[in-house]
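The structure appears below as structure tokens.
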Amino acid sequence: MRFDFWSFAVAAAAAAPALAGTVITSEMSVPQAGADKSVVYLDKDRVRVESPGNITIYRGDRNTAYMVSPAEKKFMKMTPETMKKMAAQMEAMRAEMAEQMKSMPAEQRAQMEKMMAGSMPGQPAKIEFRKAGGTGTFGKWKCEKVEQLVNGAAQAQLCIAKLGDLGLGDADLGVLQRFAAFMQQAAPQSAGASSMMDPKALEKIVGYPGVAIHMEIPAAKVTSTTNSVEQKTLPANLFEVPAGYKEETMPGPGR
């Protein structure tokens, strides 16, 4: 009966009016994985993030998110209760990693600690920004260089563009911030990290509503660059789990 309901819901959504939304396309480079494209679709109370191999759908109207695996035709439903369980599991994993790091050579341990700043047990992250000096250009947008500090140490280098230059307003990113807050329930110690996409937090540093269109995390050798921002009509069923996908429960510890 449960899947019959979802099949009905998906069919109903497909027949519903299309939504006016925003599409943000970015490219991220990660060691050993190379460059991958990410596409984010935004509506007033929902988000869809497409990355290689998986899709994440956030429904603010349901206070629920879905991790979807198209290749396996499976999905996992995440509620606030589910996120609390994930937070407990991640805390256990962080404690295990901290114990393993004790036996690492000093140089390797220092590098790991820098990469994991703010995510170790008992170390809630304090996120701050400061001007780095200079400007840059990515795509058709000019931006101002800013450093992100985690517990006082520089972790990420950002380039901030004016929100208006991207054709966006505060409302466009509001749902993305709510999505980030929802996901942070699984990692409370990272609270504040979403300020990279918070125009109000960045405005205090650069003096105008802005958003990071380029990010570099040197310790992890990760870069991310926004390539395009479009306003376009989105089909309503873009924010639904496809009919026929099998729901899986959240893996327990050790699985």
Side-chain angles (χ1 to χ4, degrees), residues 5-26 28 37-51 54-68 70 75-83 139-141 158 160-187 190-204 206 208-213 215 224-243 245 247:
F5 168 78
W6 276 108
S7 297
F8 171 79
V10 171
L19 307 171
T22 301
V23 182
I24 303 174
T25 303
S26 303
M28 176 177 287
K37 186 174 76 170
S38 172
V39 183
V40 179
Y41 301 86
L42 306 177
D43 180 46
K44 62 181 181 179
D45 61 358
R46 52 196 78 182
V47 179
R48 177 186 174 102
V49 181
E50 295 181 355
S51 54
N54 64 79
I55 296 169
T56 302
I57 297 172
Y58 168 68
R59 292 293 301 260
D61 54 339
R62 301 172 184 165
N63 198 24
T64 300
Y66 307 88
M67 299 291 291
V68 183
F75 73 95
M76 186 172 71
K77 181 179 178 181
M78 295 180 292
T79 64
E81 292 73 23
T82 304
M83 303 306 275
K140 59 183 179 181
W141 303 299
L158 313 176
I160 310 303
K162 292 181 179 179
L163 210 59
D165 289 351
L166 276 70
L168 300 175
D170 288 351
D172 293 288
L173 292 187
V175 65
L176 195 55
Q177 293 163 29
R178 294 195 296 274
F179 170 49
F182 180 91
M183 298 303 290
Q184 281 170 3
Q185 293 177 98
S190 69
S194 66
S195 51
M196 281 192 293
M197 55 191 174
D198 184 346
K200 299 301 182 184
L202 294 170
E203 184 176 2
K204 294 178 182 179
V206 296
Y208 51 82
V211 63
I213 60 169
M215 176 187 70
S224 178
T225 304
T226 298
N227 293 329
S228 66
V229 179
E230 302 176 83
Q231 303 293 331
K232 62 191 303 182
T233 300
L234 304 176
N237 64 355
L238 197 66
F239 302 98
E240 298 284 357
V241 176
Y245 277 42
E247 181 175 358

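FYI, side chains are in, hydrogens and waters are out, and symmetry mates aren't considered; it's all heavy atoms of this structure. Everything quoted here is computed from the prediction, not taken from an experiment.
- Taking 4.5 Å as the limit, every side-chain heavy atom of V40 sits out of range of all side-chain heavy atoms of S26.
- A salt bridge is defined here as a Lys NZ or Arg NE, NH1 or NH2 lying under 4.0 Å from an Asp or Glu carboxylate O, and R59 with E240 meets this definition.
- Put simply, the side chain of K77 reaches to within 4.5 Å of the side chain of T64, judged on heavy atoms.
- One distance of note links CZ of R62 with OG1 of T79; it measures 13.5 Å at 0.5 Å rounding.
- When each of F182, Y41, F179 is checked for a side chain to side chain contact (heavy atoms under 4.5 Å, CB included) with V47, only F179 meets the rule.
- When side chains are defined from C-beta on, D43 does not count as touching V175, because their heavy atoms never get closer than 4.5 Å.
- When every heavy atom of A212 is checked against every heavy atom of L202, the shortest pair comes out as N-CD1, 4.1 Å.
- Atom OH of residue Y208 and atom CG of residue L163 lie 11.0 Å apart, to the nearest 0.5 angstrom.
- In this structure, the side chain of R48 engages the main chain of L238 through a donor-acceptor pair within 3.5 Å.
- Of all the heavy atoms in A65 and M183, the pair that sits closest is CB-SD, 4.4 Å.
- Note: T226 OG1 to I24 CD1 = 6.5 Å, rounded to the nearest 0.5 Å.
- The two atoms that bring V49 and S38 nearest to each other are CG1-OG, 4.1 Å, heavy atoms only.
- Note that OH of Y58 is 6.0 Å distant from CG of N63, once rounded to the nearest 0.5 Å.
- No side-chain donor-acceptor contact under 3.5 Å links R46 to the backbone of I57.
- The line from OH of Y66 to CE of M78 is 10.0 Å long, rounded to the nearest 0.5 Å.
- Annotation: side chain of F239 is in contact with side chain of L234 (closest heavy-atom distance under 4.5 Å).
- One finds the NZ atom of K44 at 13.5 Å from the OG1 atom of T22 (value rounded to the nearest 0.5 Å).
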